[in-house]
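As structure tokens, the structure follows; a few thoughts come after it.
No experiment lies behind these values; they were computed from the predicted model shown. Chain naming here is simple, since letters A, B, ... match the order of the sequence lines and numbering starts at 1 in each.
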There are 2 protein chains.
Amino acid sequence: MKVSELGEFGLIDLLAKMVSKSRDKQLTPWQQLIIGIGDDAAAWHGDASTQLATVDSFIQDVHFSLDNASWEELGWKALAANLSDIAAMGGVPRYALVSLALPAHTKVEDVTDFYKGMIELAQQFEVAIVGGNITSAPLVATTITVLGSARSQDKHILTRSAARAGEKVAVTGYLGAAAAGSEMLTKQLKFDSEATTAFKKAFLRPYPRIAEGQLLVEQGVKTAIDISDGLISDLNHICKASQVSARIEVGCVPIQPTVKTKFGDRALELALSGGEDYELLFTGSAEVIDRVRTTASCPVTVVGEIVADKIGKITLVDRKGKPFNLAKAGWEHFATR
Amino acid sequence: MKVSELGEFGLIDLLAKMVSKSRDKQLTPWQQLIIGIGDDAAAWHGDASTQLATVDSFIQDVHFSLDNASWEELGWKALAANLSDIAAMGGVPRYALVSLALPAHTKVEDVTDFYKGMIELAQQFEVAIVGGNITSAPLVATTITVLGSARSQDKHILTRSAARAGEKVAVTGYLGAAAAGSEMLTKQLKFDSEATTAFKKAFLRPYPRIAEGQLLVEQGVKTAIDISDGLISDLNHICKASQVSARIEVGCVPIQPTVKTKFGDRALELALSGGEDYELLFTGSAEVIDRVRTTASCPVTVVGEIVADKIGKITLVDRKGKPFNLAKAGWEHFATR
């Protein structure tokens with residue numbers, strides 16, 4: 001059945017039922033919820049902790065193609081990108097609002113699959129989907145808003161603007177696999193099934209570093225961002241916001257091993273500029289980062305340091321400290337390539 | 001200059017500066033704000049009042065045409081639709097997040113005009129624009145999220161689900177002018193300048209009934225919705241959510257006078273089904289509605305009553321109580337016309 005046959009309000013009813021079935025009344029956001037899907041606005045009981053809000057849009061043939069991603073994967077990824085922003089603040093995601101723009105010929109099953117993917121991730125992170133909006137459009141566009149909060153009233157949040165010269169720059173996990181997945185899908189590259197699965201999963205089912213973001217707060221980190229545009233580009237955001245510059249030792253960058261094997265010389269570029277890995281990039285003293293490394297359940301790698309130079313300047317150096325050149329810095333919308 | 005020349009991050013910087021200039025540090029949302037535009041998420045100090053969240057998307061050539069609306073008007077209207085949802089909950093709008101999808105050839109000036117319109121309205125209602133997202137897309141699509149709260153911790157909120165049989169149904173203001181404006185612009189109808197101005201303003205610069213929503217709370221109203229889809233369609237939403245039905249006396253519907261003059265026999269249809277007037281539709285006892293009428297600074301008109309009949313059924317009757325037929329019920333996305 002097409003969404004045009006079910007109609008806007010029929011579709012909203014159907015999705016509201018899916019969400020209602022998925023809710024777990026034991027969880028804080030559902031307990032605090034007063035009104036979910038189906039009124040003019042969602043409503044819940046507020047509290048005095050620091051509140052967080054972020055929004056992200058995914059546009060057909062800009063961020064994704066229906067040719068190489070399932071609707072379930074799209075639902076997962078669209079929400080994951082938002083949760084990652086909350087992770088980068090060291091917060092706890094609580095509520096999500098989902099705005100969908102869909103062509104009238106979209107299959108109802110595709111929309112419910114989108115919700116399936118989203119709900120699966122929402123359940124893992126105890127997020128309540130509480131509202132949204134559905135509209136017709138010539139293409140598929142999704143905009144998800146996630147509201148969250150600091151873990152408790154006495155917790156600070158992570159910002160982009162607290163980096164200081166002398167601090168180390170570190171990342172969680174491995175980089176480059178999401179970009180490898182994107183290239184593999186768009187250029188129809190062929191790899192063995194293990195690599196294919198790993199790249200596809202990295203690109204379409206990223207796992208937001210919520211636990212790690214909160215761990216950073218616990219261990220005294222002040223500055224973080226999630227890697228959505230690419231390591232260099234996102235480090236540049238930190239440097240501009242903090243009015244500092246940074247040096248990256250390219251040999252230290254934790255390139256995802258399969259990316260290294262399959263992409264050879266280009267692996268570093270994918271790791272530095274590819275983006276969408278949704279790992280956390282953060283700064284702190286050597287001691288703070290050591291504490292993070294010993295307590296985190298994922299790899300934590302120091303890739304460089306914050307220096308006092310031209311604001312926003314990112315210098316790449318090799319193991320000997322010599323300048324290293326890279327063609328492509330990172331993702332920017334409207335940029336001509 | 002095109003947005004492709006300025007780039008995503010240059011554009012964000014420019015818009016952040018516009019918003020920063022417009023802020024008034026005396027106002028609560030700005031006072032409570034910890035982080036605005038430019039980090040992974042916006043952050044502010046929470047409080048224990050009931051929190052509200054709503055989202056609305058506007059898509060080029062579905063909700064608006066760049067041929068007959070200025071970017072400034074679009075900015076105003078996109079935000080107004082969201083504020084109207086907060087009004088329908090009887091709440092106070094506080095924060096807005098703005099997601100813009102734009103073709104690369106969009107002029108920077110158009111985007112700043114969009115922000116001008118939005119900021120003008122935001123300032124009138126003491127709303128802080130604190131974040132968002134910009135992405136390239138083949139068409140213009142805007143998605144605004146507004147966060148708000150009950151006016152204070154002891155205030156209830158208005159819902160769609162509290163209507164009871166025997167209550168009166170009332171509306172604020174006059175209906176039909178927004179639909180008249182939409183028709184005038186899309187069908188290039190010609191009217192005298194006074195009518196043209198009135199219709200265009202109603203359609204492109206609706207004024208959200210924030211003060212009136214809060215007044216409804218004060219006077220003991222429990223049930224409200226804003227008229228975005230049309231009186232019949234929105235009353236149907238209330239009836240379904242409240243599991244009741246309603247009767248509208250068509251002769252009582254407050255048709256906007258110029259619509260009556262210019263559209264004659266079709267005026268009633270525009271008032272009942274046109275939508276986008278963003279007036280408040282609410283229910284309450286005769287006494288409660290009398291109190292609202294005497295305290296409100298806008299017209300308040302009783303148009304019918306809630307009855308116990310088939311859930312969701314809306315019956316139109318004339319002055320003698322006889323059934324009245326109308327072809328078109330209201331706006332629904334994906335509906336074939």
Side-chain angles (χ1 to χ4, degrees), chain A residues 3-4 7-9 11 34-35 38-57 59 61-63 85-86 88-89 91 95 97 99 101 104 130-139 141 143 145 147-149 157 159-161 225-226 241 332-336, chain B residues 3-4 7-9 11 34-35 38-57 59 61-63 85-86 88-89 91 95 97 99 101 104 130-139 141 143 145 147-149 157 159-161 225-226 241 332-336:
Chain A
V3 296
S4 55
E8 178 188 359
F9 304 126
L11 186 57
I34 303 168
I35 296 170
D39 216 301
D40 293 287
W44 60 86
H45 297 290
D47 66 57
S49 61
T50 297
Q51 303 296 297
L52 301 169
T54 182
V55 65
D56 250 315
S57 291
I59 314 280
D61 298 331
V62 176
H63 298 92
D85 280 325
I86 299 293
M89 305 299 284
Y95 300 100
L97 302 173
S99 186
V130 294
N133 182 65
I134 291 178
T135 172
S136 53
L139 46 67
T143 303
T145 306
L147 293 318
S149 63
I157 50 171
T159 71
R160 296 180 179 183
S161 56
I225 192 170
D226 67 321
E332 178 170 356
H333 279 284
F334 312 117
T336 41
Chain B
V3 296
S4 57
E8 176 188 358
F9 304 126
L11 186 57
I34 304 168
I35 297 169
D39 216 301
D40 293 286
W44 60 87
H45 296 291
D47 66 57
S49 62
T50 297
Q51 302 296 297
L52 301 169
T54 184
V55 64
D56 251 315
S57 291
I59 315 280
D61 297 332
V62 176
H63 298 92
D85 280 326
I86 299 293
M89 305 299 284
Y95 300 101
L97 302 172
S99 186
V130 293
N133 182 64
I134 290 177
T135 173
S136 53
L139 46 66
T143 302
T145 306
L147 292 321
S149 64
I157 50 171
T159 71
R160 296 180 179 183
S161 57
I225 192 170
D226 67 321
E332 178 169 356
H333 280 285
F334 312 118
T336 41

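- What you find for A:M89 and B:D40 is that their closest heavy atoms are SD-CB, 3.8 Å.
- Note that OG1 of A:T50 is 3.5 Å distant from CD1 of B:I34, once rounded to the nearest 0.5 Å.
- For A:D85 (side chain) and B:A41 (main-chain N/O), no donor-acceptor pair under 3.5 Å exists by modelled atom type.
- When the candidates B:I134, B:I86, B:L11 are compared by the number of heavy-atom contacts under 4.5 Å with chain A, B:I134 comes out ahead.
- Under 3.5 Å, the side chains of B:T135 and A:S57 contain no donor-acceptor pair of N or O atoms.
- At a threshold of 4.5 Å between non-hydrogen side-chain atoms, the residues A:T143 and B:N133 do not count as touching.
- Note on B:A104, B:G148, B:A101, B:A48: by heavy-atom pairs under 4.5 Å with chain A, the leading option is B:A48.
- With a 4.5 Å cut-off on non-hydrogen atoms, B:I225 touches chain A through its backbone and its side chain both.
- Taking chain B as the reference chain and counting heavy-atom pairs below 4.5 Å, the highest number among A:G131, A:S99, A:S149 is found for A:S99.
- Neither the backbone nor the side chain of B:A141 comes within less than 4.5 Å of any heavy atom in chain A.
- Top candidate by heavy-atom pairs under 4.5 Å with chain B, chosen from A:A43, A:G38, A:A42, is A:A42.
- Heavy atoms closer than 4.5 Å to chain A are found in both the backbone and the side chain of B:A53.
- Residue A:I59 holds its CD1 atom at 7.5 Å from CG of B:L139, rounded to the nearest 0.5 Å.
- Here the CG atom belonging to B:L97 is positioned 8.0 Å from the CG atom belonging to A:L147, to the nearest 0.5 angstrom.
- Minimum heavy-atom separation, B:D39 to A:S161: OD2-N, 4.5 Å.
- The contact between B:T159 and chain A is made by backbone and side chain atoms together, counting heavy-atom distances below 4.5 Å.
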Exercise for the section: Verify side chain to side chain contact (heavy atoms under 4.5 Å, CB included) between A:I157 and B:I35, making sure each step is shown before the conclusion. Expected result: CA-CA 10 Å; A:I157 50 171; B:I35 297 169; 3.7 Å; yes
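- For B:D47, the part lying under 4.5 angstrom from a heavy atom of chain A is the backbone only.
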